[in-house]
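Note sheet for the following structure.
Any value given below was found using the heavy atoms of this structure, including those in side chains, with hydrogens, waters and symmetry copies removed.
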Amino acid sequence: MAALRTILAEGPEEWIEQYGEKIGSEVNTGYSLLVYYALGEALRRKFSPTYTTPQVIRFVADLRLDLEEYAHELDPRVAEGLIRYSLGDEAFSGRPPFGVDEVTMARAQILLLLILVLEEDFDEAELEKFIQNSAALARERGVVRQDDSRNA
């Protein structure tokens, strides 16, 4: 949870400095699962109770425009697939990792999560609650043990 808190509150550079070697890679299983559940929570906050596929496409297109010269870091097909899959879109038949490598998947998840959290403009207490809720959801699903969540 501390690693997730660091990337969301202090940014990727600080995360790399503090956790880059400890976690080892962008695809560390425990951390990736926590990010996945945090992303799902952030997506539900943005797109629920209803959304349309064109809204998802427009969101990803706008995000890539905002990324400017870094737009290539976000695969639009993966980002749209993550959003629709995470929201339980019954008309969508894709499944992660959408035919891409784990690093491309991890980057898409982190970029989407960072943007969604920035849009929320959480204060410190709200961010902490968001992280706690995401970790609780991951634990409920049995993917992160209680003792692992502090180090994820």
Looking only at heavy atoms, the pair that brings L113 and A42 closest together is CD1-CB, 4.1 Å
Specify the closest pair of heavy atoms between P76 and V60, including all atoms of both residues, with the distance to one decimal.
CA-CG1, 3.9 Å
Not counting sequence neighbours, which residues clear salt bridge (charged side-chain N to carboxylate O under 4.0 Å, His left out) with R77? List them please.
none
Nearest atoms (heavy-atom pairs only) where R44 meets S86
NH1-O, 3.9 Å
Pairwise side-chain contact, Q109 with V78, heavy-atom cut-off 4.5 Å (strictly under):
no
Applying salt bridge (charged side-chain N to carboxylate O under 4.0 Å, His left out) as the test, list every pair that has at least one member in residues 87-101; sequence neighbours left out.
R84-D89
Between OG1 of T53 and CD1 of I83, what distance do you get to the nearest 0.5 Å?
10.5 Å
By side chain to side chain contact (heavy atoms under 4.5 Å, CB included), E119 pairs with (sequence neighbours left out) K46, F59, I115, L116
Quick one: closest heavy-atom pair of L82 and A108, and the distance?
CD1-CB, 3.8 Å
Heavy-atom check, side chain of R45 versus side chain of E41, under 4.5 Å:
yes
What is the distance from atom OH of Y36 to atom OG of S134, rounded to the nearest 0.5 Å?
12.5 Å
Which heavy atom in P96 sits nearest to a heavy atom in M105, and how many Å separate them?
CB-CE, 3.6 Å
Listed by chain and number, what are the ring pair (Phe, Tyr, Trp, His ring centres under 6.0 Å) partners of Y85, not counting sequence neighbours?
none
Rounded to the nearest 0.5 Å, what's the gap from CD on E128 to CG on N133? Could you check?
10.0 Å
Taken in chain and number order and not counting sequence neighbours, the residues that satisfy side chain to side chain contact (heavy atoms under 4.5 Å, CB included) with D123 are A125, E126
Could you measure the distance from the OH atom of Y70 to the CZ atom of R107? Nearest 0.5 Å is fine.
12.5 Å
Below 4.5 Å, heavy atoms only, C-beta onward: do F92 and L87 meet side chain to side chain?
no
Of all heavy-atom pairs linking Y51 and V56, the shortest is CD1-CG2, 3.7 Å
Out of the candidates L43, V35, L63, only one should pair with L112 under the side chain to side chain contact (heavy atoms under 4.5 Å, CB included) rule; please name it.
L63
Find out whether E73 and L111 are in side-chain contact, i.e. whether some heavy atom of one side chain is under 4.5 Å from a heavy atom of the other.
yes
Checking D62 now: which residues fulfil salt bridge (charged side-chain N to carboxylate O under 4.0 Å, His left out) with it, not counting sequence neighbours?
R58
Side-chain heavy atoms under 4.5 angstrom apart, residues restricted to Ile, Leu, Val, Met, Phe, Trp, Tyr: same cluster for L67 and I57?
no
